[in-house]
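Note that the numbering runs from 1 along the sequence shown for the chain. It should be emphasised that the depicted structure is a prediction, and the values quoted were computed from it without experimental measurement.
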Amino acid sequence: MEFVFAIAVYFVVWWIGLFAVLPFFAQPQNESETGEIVPGTPESAPVAFPLGRLVVVNSLVAACVFAVLWSVIVFDPFGLGQVPGVIPN
């Protein structure tokens with residue numbers, strides 16, 4: 001796997017993973033300790049959004065998924081190299 005291709009795959013995995021990890025750290029206003037809802041916002045709007053924690057967790061998840069994808073592409077454990085046009089030699 002070429003380096004530029006690996007970076008592109010990691011970026012795509014990271015971006016897709018962001019949408020999967022995004023709701024884990026958001027605490028809605030109606031479920032907060034104070035229960036205070038800011039006027040003009042919906043009850044489901046987050047109180048505080050820990051962006052740093054989200055980026056770190058998402059990067060770790062993306063690294064694990066990328067490692068699996070990389071090992072499947074490089075080591076070809078399922079014999080996909082035998083199928084014409086799947087993985088070029």
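- In the hydrophobic clustering, where aliphatic and aromatic side chains (Ile, Leu, Val, Met, Phe, Trp, Tyr) are joined below 4.5 Å either directly or transitively, Val56 groups with Leu60.
- Contact of the Phe24 side chain with the Val21 side chain is registered, since non-hydrogen atoms from C-beta on lie closer than 4.5 Å.
- Every residue was checked against the side chain to side chain contact (heavy atoms under 4.5 Å, CB included) condition with Phe11, not counting sequence neighbours, and none meets it.
- By the side chain to side chain contact (heavy atoms under 4.5 Å, CB included) test, Ala6 pairs with Met1, Phe66, sequence neighbours left out.
- Residues that satisfy the side chain to side chain contact (heavy atoms under 4.5 Å, CB included) test with Ile7, not counting sequence neighbours, are Phe3.
- For Val47, the side chain to side chain contact (heavy atoms under 4.5 Å, CB included) partners are Gln29, Ser32, not counting sequence neighbours.
- Val72 and Val12 are not part of a single hydrophobic cluster, where members link through side-chain heavy atoms under 4.5 Å apart.
- Remark: Ser71 pairs with no residue by the side-chain hydrogen bond (donor to acceptor under 3.5 Å, both in side chains) rule, at least two apart or across chains.
- Taken from CD in Gln27 to OG in Ser44, the straight-line distance is 13.0 Å, to the nearest 0.5 Å.
- Legend: residues meeting ring-ring contact (aromatic ring centres under 6.0 Å, His included) with Phe75, ordered by chain and number and at least two apart, are Trp70.
- Taking hydrophobic clusters as Ile, Leu, Val, Met, Phe, Trp and Tyr residues chained together by side-chain heavy-atom distances below 4.5 Å, Leu51 shares a cluster with Phe25.
- At least one side-chain heavy atom of Leu54 sits under 4.5 Å from a side-chain heavy atom of Phe49.
- The stretch residues 14-25 participates, sequence neighbours left out, in these side chain to side chain donor-acceptor pair (under 3.5 Å) pairs: Trp14-Ser59.
- Val4 and Tyr10 fall into different hydrophobic clusters, where Ile, Leu, Val, Met, Phe, Trp and Tyr side chains are chained together by heavy-atom contacts under 4.5 Å.
- Using a 4.5 Å cut-off between side-chain heavy atoms of Ile, Leu, Val, Met, Phe, Trp and Tyr, with links allowed through other members, Leu22 and Ile16 fall into different hydrophobic clusters.
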